[in-house]
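A quick write-up on the structure given underneath.
We name chains A, B, ... by the order of the sequence lines, and we start the count at 1 in each one. Every value quoted in this text rests on a predicted model; they were computed, and no experiment measured them.
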Amino acid sequence: MSQIKAVRGTRDLLPPETELWNHIEATARRVFARYAFGEIRTPIFEDTQLFARGVGEETDIVSKEMYTWEDRARAQSEKAQMLTLRPENTAGVVRAYIEYKLGDAGLLQKLYYIGPQFRRERPQKGRYRQFFQIGAEVIGPPSAGSESPLRDAEVLEMLATLLEELGITGWTLEMNSVGSAMDRPRYVQALREALVDVAPTLCIDCQRRAVTNPLRVLDCKVREDQEKIDALPKIADFLDEGSRAHFAQVCAALDACGVLYTINPRLVRGLDYYTRTTFEFTHSGLGAQNALLGGGRYDGLSEAIGGPKAPGIGFAMGADRLVLTLQALPSQAANDPGLADAYIAPLGEAQQAESLVLARELRRAGLRVELGDGSFRLKKSFEMGNKLARAIVLFGEDEARSGIVTVKNFQTGEQTKVPRNELSSVLRRD
RNA sequence: GCGGCUAUAGUUCAGUGGCAGAACGCCGGUCUGUGGCACCGGAUGUCGUGGGUUCGACCCCCACUAGCCGCCCCA
């Protein structure tokens, strides 16, 4: 019989790596809490229409990367429903915002999420079909200040802080403004016109992109094309006064708190809902998938899926990529499984039962304890203890009778006799 | 979805159309209440899966699967 394996693009996370995942998630929760964000957990699958209307029918994500299936109708009279595993989480959050009328309180909603997302792409380093995102959204009625450039700057400053607390250095923040829903079509039109003459001189990929998705030409990495692409119309010149001023204020607030960024007029993103501020944090250690996180403002998303006017800004970080980045950092000790505080070695099977009692006492005192086996020879107990713990506690006939156990510290080699009731304080890490 | 590279022991990797290898790790012993060191010994295995060529395939050919790199796109 053939072996059943994890399906393509999915994987199991095992210790000690899960230690690092927990560390990342705990750090994110801690930082988000300081910025007064609350957690939201949305379903893993949604009505397909949510993504079609929210993310955009023409995007790659929706047009070819979604896991979609037809759910059975419950009754003859009922139509079957198309469902989709969420390819991203912003649409789900906005759907919940609308569904529970979160805007009616008149306040800004600040929500974060941590969870799996699904896209059917070819797996690669840092890219999986089930991947994990940590993201947050600030959304609310305009009267609550949801359109304010200060919100954009606050989110970006929070991200810089989060990366710093995670110990991730060497990232780059690139920003751009893609303008309002009105600005962008005008720009795309101008770009298309300019490309009629320029495109034939560009690389093969650009010639195709010029027709299918002109904005993508700006992403081209072919060296020879760069000068010509730089000479194309820039979106900055197509922004209306409002968008221009908005972006200037975002930059000013970032300058004030010392968050470094570069403005990349060629930064375009693949989801239709973005307006005005867009950004990407990249890291060179990631290879082709160099985006650590990305996000932006989505002032029209709520209305696009049938909700009230509810401008917002948010981001999603690729947790898988944070892990990769941290693992590549030289200082990272998080892959060390860590040693237990003590290894209890029952000497002889007669000591088995009482050794579990001893382990229970120490564990209740908060110590991390490994319990050996009384059938082991002493030599084996020492070898095992040395691999698993900082100290070994010998628990034989004498110790059980006298209540005084033998403790040997593997680091110092020092061996002492310790009364059982003092054991936990002796073993405690200093 | 497209192109390239790869798949051999728990791990990292050698290897040859004719007996399946090394290092580390693992197990046992020297050593029956004292580990790390040393020495001696041992087992590593569907050579990714399925077909084909051949007297004979881990090796050559085809398909599939998975991973990596790039494209596309994105987190």
Side-chain angles (χ1 to χ4, degrees), chain A residues 1-11 55 58-65 87-90 114-135 159 203-206 208-209 212-213 215-216 219-222 267-271 274 278-283 286-296 314-325 343 345-348 351 372 374-399 405-415:
Chain A
M1 202 191 298
S2 67
Q3 201 188 341
I4 297 174
K5 296 189 287 190
V7 307
R8 184 168 209 202
T10 72
R11 64 209 175 116
V55 176
E58 298 306 315
T59 60
D60 277 35
I61 293 176
V62 172
S63 64
K64 54 188 202 203
E65 295 173 1
E88 57 96 59
N89 219 147
T90 299
I114 296 178
Q117 318 291 339
F118 306 85
R119 291 182 203 171
R120 199 179 180 291
E121 296 180 274
R122 179 118 165 203
Q124 234 178 87
K125 183 180 183 181
R127 186 164 77 188
Y128 308 96
R129 291 181 170 188
Q130 172 175 326
F131 59 104
F132 295 84
Q133 287 190 332
I134 300 173
L159 283 167
C203 68
I204 299 283
D205 285 331
C206 282
R208 178 175 42 74
R209 283 183 279 226
T212 60
N213 193 348
L215 287 174
R216 286 274 144 229
D219 257 353
C220 177
K221 283 156 195 117
V222 176
L267 177 70
V268 288
R269 315 208 73 251
L271 287 73
Y274 285 118
T278 59
F279 55 87
E280 224 171 77
F281 284 68
T282 57
H283 200 280
L286 285 168
Q289 271 63 49
N290 67 348
L292 214 44
L293 69 96
F315 64 86
M317 8 189 14
D320 309 79
R321 295 180 185 179
L322 295 177
V323 170
L324 279 176
T325 306
Y343 178 89
L347 306 181
Q351 264 58 247
S375 67
F376 288 173
R377 284 172 53 188
L378 191 62
K379 175 183 160 68
K380 179 161 177 177
S381 287
F382 266 83
E383 285 171 351
M384 204 65 93
N386 191 39
K387 276 176 211 161
L388 299 174
R390 295 182 301 121
I392 188 168
V393 176
L394 298 184
F395 192 70
E397 210 177 325
D398 295 349
E399 285 85 354
V405 299
T406 305
V407 177
K408 183 159 186 176
N409 182 315
F410 284 121
Q411 268 124 50
T412 62
E414 185 187 2
Q415 184 163 319

| message | If you assign A:Lys64 and A:Glu399 each to the RNA chain B nucleotide with the nearest heavy atom, which residue ends up on the more 5' nucleotide? | response |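 Taking each residue's closest nucleotide, the earlier one in sequence belongs to A:Glu399.
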| query | When you match A:Thr406 and A:Val7 each to their closest nucleotide on RNA chain B, which lands nearer the 5' end? | reply |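 Closer to the 5' end of RNA chain B: A:Thr406.
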Just call it for [X]: base, sugar-phosphate, or nothing, with non-hydrogen atoms closer than 4.0 Å on any strand.
X	value
A:Gly295	nothing
A:Leu347	base
A:Leu394	base
A:Arg120	sugar-phosphate
A:Arg321	base
A:Phe376	nothing
A:Gly135	nothing
A:Gly294	sugar-phosphate
A:Glu88	nothing

| Is A:Lys380 close enough and on-axis enough to A:Phe376, meaning under 6.0 Å and within 45°, for cation-pi? |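 Satisfied, under 6.0 Å and within 45°.
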Atom [atom1] of [X] to atom [atom2] of [N]: distance rounded to whole Å?
X	N	atom1	atom2	result
A:Ile61	B:C72	CD1	P	16 Å
A:Arg8	B:G48	CZ	C1'	14 Å
A:Asp60	B:C71	CG	P	15 Å
A:Asp320	B:G67	CG	P	13 Å
A:Gln124	B:C5	CD	P	16 Å
A:Asn290	B:C69	CG	C1'	15 Å
A:Lys125	B:G4	NZ	C1'	18 Å
A:Leu215	B:C73	CG	P	11 Å

Any side-chain heavy atom of [X] within less than 4.5 Å of one from [Y]?
X	Y	value
A:Glu121	A:Asp60	no
A:Arg119	A:Lys64	no
A:Lys408	A:Leu394	no

[atom1] gap between [N] and [M], integer Å:
N	M	atom1	result
B:G21	B:C2	C1'	38 Å
B:C71	B:U16	C1'	37 Å
B:U32	B:G18	C1'	50 Å
B:A43	B:C31	P	23 Å
B:G41	B:U8	P	29 Å
B:A9	B:G56	P	27 Å
B:C60	B:C73	C1'	38 Å

| To the nearest 0.5 Å, what is the distance between CZ (A:Arg129) and CD (A:Glu65)? |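 Reported value, rounded in 0.5 Å steps: 10.0 Å.
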Tell which nucleotide pairs with [N], taking only Watson-Crick or G-U wobble pairs whose two distances are both under 3.5 angstrom.
N	value
B:C24	B:G10
B:G70	B:C2
B:A75	none

Please pick, from [options], the nucleotide with the shortest atom-to-atom distance to any side-chain atom of [X].
X	options	value
A:Arg377	B:G4, B:C26, B:C31	B:C31
A:Glu121	B:C27, B:C73, B:G4	B:C73
A:Tyr274	B:G4, B:C27, B:A75	B:A75
A:Ala291	B:G33, B:C27, B:A75	B:A75
A:Arg127	B:C68, B:A75, B:G67	B:A75

| message | Please enumerate all residues that pass side-chain contact (heavy atoms from CB on, under 4.5 Å) together with A:Gln130, with sequence neighbours excluded. | response |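 So A:Gln130 forms a side-chain contact (heavy atoms from CB on, under 4.5 Å) with A:Thr10, A:Pro116, A:Phe118, A:Phe132.
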| query | Side-chain donor or acceptor of A:Arg119 under 3.5 Å from a matching atom on the base of B:C73? | reply |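 Side chain to base: no pair present.
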Between the protein and nucleotides 35-38 of chain B, list every N/O to N/O distance that falls short of 3.5 Å.
residue: B:G35; atom: O6; partner: A:Lys408; partner atom: NZ; Å: 3.4
residue: B:G35; atom: N2; partner: A:Asn386; partner atom: OD1; Å: 2.6

| query | Using a distance-only test with no angle check, is there a side-chain donor-acceptor pair under 3.5 angstrom linking A:Glu399 and A:Thr406? | reply |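 Their side chains do contain a donor-acceptor pair, which is all the 3.5 Å distance test asks for.
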| query | Got a salt bridge between A:Glu383 and A:Lys379, using NZ or NE/NH1/NH2 to carboxylate O under 4.0 Å? | reply |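 So A:Glu383 pairs with A:Lys379 through a salt bridge.
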| task | Could you please spell out the steps behind the side-chain contact (heavy atoms from CB on, under 4.5 Å) verdict for A:Phe382 and A:Tyr343? | result | CA-CA 9 Å; A:Phe382 266 83; A:Tyr343 178 89; over 6 Å; no
| Near A:Gln415 CD, under 6.0 Å, is it more than 12 heavy atoms from other residues, nucleotides or ligands? |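 Yes.
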| task | State whether A:Arg122 places a side-chain N or O below 4.0 Å from either non-bridging phosphate oxygen (OP1 or OP2) of B:G1. | result |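 Indeed not, no polar side-chain atom of A:Arg122 lies that close.
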